[in-house]
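In what follows, a single structure is set out as structure tokens and then discussed.
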Number of protein chains: 2
Amino acid sequence: MAQVPTSEKPSRREQILAAAAELFARHGFHGVGIDDLGSAVGVSGPALYRHFRSKDAMLGEMLTSISEVLLAGGEARAAGARTPRDTLGELVAFHVDFALDNPSLITVQERNLGNLTDPDRRRVRGLQRRYVEVWVRAIQDAAPAADEPRARAAAHAVFGLINSTPHSRHLDRDAMAALLRQMALSALLDVGSTGAADLNAAV
Amino acid sequence: MAQVPTSEKPSRREQILAAAAELFARHGFHGVGIDDLGSAVGVSGPALYRHFRSKDAMLGEMLTSISEVLLAGGEARAAGARTPRDTLGELVAFHVDFALDNPSLITVQERNLGNLTDPDRRRVRGLQRRYVEVWVRAIQDAAPAADEPRARAAAHAVFGLINSTPHSRHLDRDAMAALLRQMALSALLDVGSTGAADLNAAV
DNA sequence: CCGGCATGTTAGCGAGCGCTAACGTCCCAT
DNA sequence: ATGGGACGTTAGCGCTCGCTAACATGCCGG
């Protein structure tokens with residue numbers, strides 16, 4: 001296979017990270033050994049140390065880059081939206097697409113934050129906090145009756161809803177995306193109401 | 001059928017399981033050693049083998065009993081409800097209460113199914129499948145426009161929403177329960193509609 | 001009083017872990 | 001042609017893991 005020397009440097013690291021994401025998602029960080037990771041990309045064992053300083057560094061790089069992508073995408077979508085409800089719709093659609101296209105990454109980020117080193121965890125938590133902030137502002141703008149703790153709790157709940165995707169594959173991708181968007185938006189728009197009754201409006 | 005034939009063992013096993021649930025939830029199954037588990041209940045290390053045959057058996061018993069409690073509770077609530085929408089409300093309330101009262105167990109069940117031994121995993125999966133069935137029937141009864149795969153996907157999504165509780169503790173218990181019930185029901189009742197716009201039913 | 005059971009202890013085993021050392025090979029730039 | 005860097009190999013280290021062995025102690029019914 002011919003390699004282009006200058007522009008296309010990256011492939012091996014990302015190939016390793018993709019394989020690692022799948023294995024970490026399936027067995028947990030501590031349930032996967034260096035040899036497992038190596039043989040998943042066709043090399044064996046310690047060869048990985050030509051590309052990463054440690055197993056911890058693989059997880060760190062993986063979760064940091066996910067968090068950066070989510071934050072950047074969320075901010076971009078929020079900035080491009082016109083109305084508060086449009087903002088919410090954009091954020092939901094963005095997160096749904098990401099979760100459907102990267103189920104392993106979503107799973108690893110949900111389950112293995114606690115296996116990061118302290119500096120890595122601090123950085124990832126900071127990025128996640130800023131991503132949640134984007135959502136909290138959007139929720140409060142679209143549903144002014146929700147105070148901030150309530151909006152924050154709602155954001156986490158919707159993440160749980162959307163991130164459940166990797167564990168249920170009963171629909172094809174587009175139908176699943178439509179269902180998740182619909183459920184997420186319904187749940188979010190009801191956060192503003194106080195009690196049992198509905199406050200439904202048209203789209 | 002897995003009951004010990006002798007007299008009931010009251011406290012120690014359950015004390016160990018409770019401590020193990022918290023540790024497994026925080027660090028993952030492979031991230032907790034038996035010395036950690038022992039010292040969490042005041043004894044140290046191998047003393048646990050007076051109560052459990054192995055570390056795997058602790059996880060197995062933990063997840064089996066959760067699944068049994070959820071299934072029994074779900075069936076009882078569904079049997080006692082009058083209308084389809086009432087059934088859904090009962091199921092949602094039941095699951096919300098369970099998740100809020102047992103955050104560690106919920107987390108372990110979500111994350112560590114893959115660490116079970118094969119027979120344990122088969123049993124737990126079977127119980128979970130029956131619990132999901134209860135939900136699928138309730139969803140289809142309450143929202144007849146939803147076909148079965150759609151109802152199944154919706155059930156998993158709502159589990160994700162409710163089970164996100166352990167990761168966000170911004171509200172007191174009752175406010176959190178009310179919010180989760182409201183969001184879950186809104187999401188579920190919209191599953192019946194077909195596309196982007198309407199088909200909303202009255203309360 | 002005592003024998004047995006329940007429950008705990010410490011010492012240590014074999015296996016597996018993450019990782020390093022030492023070494024080989026291919027590929028290009030000079 | 002050749003020397004060096006990128007990339008791979010195998011052997012093996014130090015450590016921790018789950019678990020067993022061997023032994024101690026307190027309670028309890030005959």
Side-chain angles (χ1 to χ4, degrees), chain A residues 1-21 23-24 26-63 108 112 114-121, chain B residues 3-21 23-24 26-63 108 112 114-121:
Chain A
M1 296 302 187
Q3 288 285 69
V4 181
T6 53
S7 59
E8 309 231 357
K9 55 190 293 193
S11 83
R12 207 61 203 257
R13 286 175 69 91
E14 296 173 10
Q15 182 191 5
I16 293 169
L17 283 180
L23 288 172
F24 289 165
R26 182 140 49 227
H27 306 288
F29 180 71
H30 290 300
V32 181
I34 288 291
D35 291 348
D36 303 320
L37 291 167
S39 62
V41 295
V43 306
S44 251
L48 302 176
Y49 289 86
R50 300 293 172 190
H51 305 276
F52 295 92
R53 277 171 36 249
S54 68
K55 191 187 165 196
D56 289 315
M58 296 185 209
L59 184 66
E61 187 161 322
M62 188 182 307
L63 293 198
V108 174
N112 294 96
N115 299 123
L116 287 172
T117 64
D118 284 343
D120 281 341
R121 181 167 47 245
Chain B
Q3 288 296 81
V4 279
T6 63
S7 61
E8 52 258 49
K9 324 205 158 207
S11 82
R12 206 59 202 256
R13 286 176 68 91
E14 296 172 11
Q15 182 191 3
I16 292 169
L17 284 180
L23 288 173
F24 288 165
R26 181 140 50 227
H27 306 289
F29 180 71
H30 290 300
V32 181
I34 57 157
D35 290 349
D36 303 320
L37 292 167
S39 63
V41 296
V43 306
S44 254
L48 302 176
Y49 289 86
R50 301 293 172 190
H51 306 276
F52 295 92
R53 277 168 41 249
S54 67
K55 190 187 167 197
D56 289 315
M58 294 184 210
L59 184 66
E61 187 160 324
M62 189 185 304
L63 292 198
V108 174
N112 294 97
N115 300 123
L116 287 172
T117 64
D118 284 343
D120 281 341
R121 180 166 49 245

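Every chain is numbered from 1, with letters handed out A, B, ... down the list of sequences.
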Rounded to the nearest Å, what distance is computed from the [atom1] atom of residue [X] to the [atom2] atom of nucleotide [N]?
X	N	atom1	atom2	answer
A:Lys55	C:dG16	NZ	P	15 Å
B:Phe52	C:dT7	CZ	C1'	14 Å
A:Phe29	C:dC17	CZ	C1'	12 Å
A:Arg13	D:dC7	CZ	C1'	14 Å
B:Tyr49	C:dT9	OH	C1'	16 Å
B:Arg12	C:dG8	CZ	C1'	9 Å
A:Arg50	D:dT9	CZ	C1'	10 Å
A:His30	C:dC17	NE2	C1'	11 Å

State which of [options] makes the closest approach to the side chain of [X].
X	options	result
A:Val43	D:dT9, C:dT9, D:dG18	D:dT9
A:Ala47	D:dT9, D:dC19, C:dC19	D:dT9
B:Pro46	D:dT9, D:dT20, C:dG18	D:dT20

Could you tell me whether the phosphate oxygens of C:dA6, OP1 or OP2, come under 4.0 Å of any side-chain nitrogen or oxygen in B:His51?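 Answer no for this pair, as no side-chain N or O of B:His51 is under 4.0 Å from OP1 or OP2.
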State, yes or no, whether a side-chain contact exists between B:Leu63 and B:Asp120 at a heavy-atom distance under 4.5 Å.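 Sidechains of B:Asp120 and B:Leu63: no contact.
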Could you tell me whether B:Ile34 contacts a base, only the sugar-phosphate backbone, or nothing, with contacts defined as non-hydrogen atoms closer than 4.0 Å?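 It contacts base atoms.
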Over all heavy atoms of both residues, which pair between A:Leu59 and A:Val108 is shortest? Give the atoms and the distance, please.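 For A:Leu59 versus A:Val108, the nearest heavy atoms are CD1-CG1, 3.8 Å.
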So does B:Gly114 get a backbone contact from the side chain of A:Arg26, meaning a donor-acceptor N/O pair under 3.5 Å?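 Not confirmed, A:Arg26 side chain does not pair with B:Gly114 backbone.
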State the CZ-CE distance between B:Arg13 and B:Met58, to the nearest 0.5 angstrom.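 If I round to the nearest 0.5 Å, the distance is 9.5 Å.
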